[in-house]
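Only heavy atoms go into these numbers, but all of them, side chains included; no hydrogens, no water, no symmetry mates. Just so it is clear: chains get the letters A, B, ... in the order the sequence lines come, proteins before strands, and each one is counted from 1.
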Number of protein chains: 2
Amino acid sequence: MKAYLFIKGFLFDNIMEYQLTHSEENYLKEIFHLSGVDAFRVSTNNLAARLNSKASSITDMLQKLAEKELVSYVKYKGCNLTDKGEGIAVQIIRKHRLWETFLVMKLNFGWEEVHDIAEQLEHIDSTKLIDSLDHFLDYPKFDPHGDPIPDKDGKITYRKAKIKLSETVVNSLVEIVSVNEDSASLLTYLEKNNLVLGICIRIIEKYEFDKSMRIALENGNELNLSKKVIENIGVKFISKT
Amino acid sequence: MKAYLFIKGFLFDNIMEYQLTHSEENYLKEIFHLSGVDAFRVSTNNLAARLNSKASSITDMLQKLAEKELVSYVKYKGCNLTDKGEGIAVQIIRKHRLWETFLVMKLNFGWEEVHDIAEQLEHIDSTKLIDSLDHFLDYPKFDPHGDPIPDKDGKITYRKAKIKLSETVVNSLVEIVSVNEDSASLLTYLEKNNLVLGICIRIIEKYEFDKSMRIALENGNELNLSKKVIENIGVKFISKT
DNA sequence: ATTAATTTTTAGTCTTGTCTAAAAATATGT
DNA sequence: ACATATTTTTAGACAAGACTAAAAATTAAT
Ligand SMILES: [Mn+2]
Ligand SMILES: [Mn+2]
Ligand SMILES: [Mn+2]
Ligand SMILES: [Mn+2]
């Protein structure tokens, strides 16, 4: 069952002993994100788009990662993380989210400023560092965007019954529990409109013609939110009138 | 006076806009350290030894750094940092020492554990991050090994009248103000013997045959310290009996 | 002032990660 | 089923950063 690996003239009996490059780590992380909870197969073009890279570069790297038994790769059929690969991906995500939490909680960064810096910090290699940071932050469960932080052992506790705001029905009352962190400008927009974690909103009306939505905040303020916005907010159902 | 630079098809009118690689940053930092306060010329072989690299690799890189106007390099005559190069080197050292301070002060690392991690963290690129960290740590003046932390503008306030313990004379009373951070095992040894920053010691005797020294701690305990050890401790003179 | 030893540079090779262009496989539409 | 469109892979190139081996320059020793 043990896998042996011959790299650069050295024999490794455990992949963990071999340090991955930033690039390799980014591939694993992105495959994890694209696979979703059901571990879909990820296509070459998909990965290329997300990594701002070309399909041919992806193919090259997938072959290398398959060689190292971090992904299962079938020509023309896309790829999947192996258990090893997934384990590594989750640890990188743990580091990313803990660093984002540190930046917001301790250094007073805005939630729209932390992702790019965390993209660098997630590659720092020290288990003791990340576990100490986790302790220092008092073992946070979610990052500044509401995403769950994997624990030391890689266990991720997903939010139960989280749906997109765009999927809610008129008259329901919901609480914002996460936001998509991809765009800093969206995060700034959300904060300006007080659409932050923990806020409750009521869906007043949904418009079919452009898939937008009218909502009310707790203070009675009403807002129109575009399709793009409501697809990037995660909510928890509270009640319905 | 302005320098223009053509790199990878782009024209830069300010070197700072161009991101350096980790490798380039390590070269600049090491040249700074080897130059000393008097800005000696640094030889290729010296640099190769410190960077665990070969002389030929050094030559290649020096030519590249000279092209970017970060070092002044004269064939067969070694190199020197330009003002630009020195400015960058100092900022990397600032990051290194602030991160070391963070690890010791906030995450409770030992002083012998932090250097290797700081070697990674010093390359994180974010001015806002490092200035926030500086504030969070309350603008520390020295790192865990007693080395001065450059400020935001690159100003370094060196300790006045610091000498090596090996250079002191018998019967003087001195205070430990810095230790060489290069060897984790030396740091562990020093801590075990309570030879930490702020401690005062008296020189009892110096032995010519092996350049070792006998010293007394404040509690009366006496110790023999080897040449190697006393050359790696920086002290401040207090008094003489 | 020559010769010998040491240091530094050049020339050529390798690996990693990327790219473009062309070929091959797969998916789609009628 | 067959032609067309799309996706993916291969082939070949390049830049960065490192290495070895050999050549050139500098320094040290007689
Ligand atoms: Mn992020
Ligand atoms: Mn996040
Ligand atoms: Mn250090
Ligand atoms: Mn230090």
### Query
Taking OP1 and OP2 of C:dC19, is either one under 4.0 Å from a side-chain nitrogen or oxygen of A:Ser53?
yes
### Query
Would you call A:Arg97 and A:Glu181 a salt bridge, taking side-chain N to carboxylate O under 4.0 Å as the test?
no
### Query
Is there a side-chain polar atom (N or O) of B:Lys64 under 4.0 Å from OP1 or OP2 of D:dA16?
no
### Task
Using only side-chain N and O atoms of B:Tyr73, determine if any of them is under 4.0 Å from OP1 or OP2 of C:dT9.
yes
### Query
Atom CG of A:Leu62 and atom C1' of D:dT10: how far apart are they, to the nearest Å?
15 Å
### Query
Whole-Å distance between C:dG17 P and A:Gln63 CD?
14 Å
### Task
Cation-pi check, A:Lys128 to B:Phe109: give yes when NZ or CZ is under 6.0 Å from the six-membered ring centre and within 45° of the ring axis, no otherwise.
yes
### Query
Any side-chain N or O of A:Thr59 under 4.0 Å from OP1/OP2 of D:dT9?
yes
### Message
Can you confirm whether B:Arg50 is buried at CZ, in the sense that more than 12 heavy atoms of other residues, nucleotides or ligands lie under 6.0 Å from that atom?
### Response
no
### Task
Using whole Å, report how far NZ of B:Lys54 lies from C1' of D:dA22.
16 Å
### Task
May I ask you to say whether A:Lys228 pairs ionically with A:Asp210, meaning some side-chain N is under 4.0 Å from a carboxylate O?
no
### Message
Using heavy-atom distances to pick each residue's nearest nucleotide on DNA chain C, tell me which of B:Ser57 and A:Asn52 is more 5'.
### Response
B:Ser57
### Query
When you check the phosphate oxygens OP1 and OP2 of D:dT6, does a side-chain N or O of A:Asn45 lie under 4.0 Å from one of them?
no
### Task
Could you tell me whether the phosphate oxygens of C:dT7, OP1 or OP2, come under 4.0 Å of any side-chain nitrogen or oxygen in B:Ser43?
no
### Query
Does D:dT27 have OP1 or OP2 sitting under 4.0 Å from an N or O in the side chain of B:Lys77?
yes
### Task
Would you kindly give the CZ-to-P distance between B:Arg41 and D:dT26, to the nearest whole Å?
14 Å
### Rounded distance (Å) that lies between atom P of D:dA18 and atom CG of B:Leu51
8 Å
### Query
Nearest-Å distance, CD1 (B:Ile58) to P (C:dT9)?
10 Å
### Task
Just call it for A:Ser23: base, sugar-phosphate, or nothing, with non-hydrogen atoms closer than 4.0 Å on any strand.
sugar-phosphate
### Query
Checking salt bridge (Lys or Arg N to Asp or Glu O under 4.0 Å) for the pair A:Glu231/A:Lys211: CA distance, chi angles, key distance, verdict?
CA-CA 10 Å; A:Glu231 279 178 345; A:Lys211 310 280 188 204; over 6 Å; no
### Message
For D:dT10 and A:Lys75 - does any side-chain N or O of the residue sit under 4.0 Å from the phosphate oxygens OP1/OP2?
### Response
yes
### Query
Nearest heavy-atom pair of B:Pro144 and B:Trp111: which atoms, and what distance?
O-CE3, 3.4 Å
### Task
Could you tell me whether the phosphate oxygens of D:dA18, OP1 or OP2, come under 4.0 Å of any side-chain nitrogen or oxygen in B:Tyr27?
yes
### Query
Should A:Ser56 be listed as having a side-chain N or O under 4.0 Å from OP1 or OP2 of C:dC19?
no
### Message
At 4.0 Å (heavy atoms only), tell me whether B:Thr44 reaches a base, stays on the sugar-phosphate, or touches nothing.
### Response
sugar-phosphate
### Rounded distance (Å) that lies between atom C1' of D:dT8 and atom CG of A:Leu47
13 Å
### Task
Nearest whole angstrom, please: distance from the P of C:dT20 to the CG of A:Asp60.
13 Å
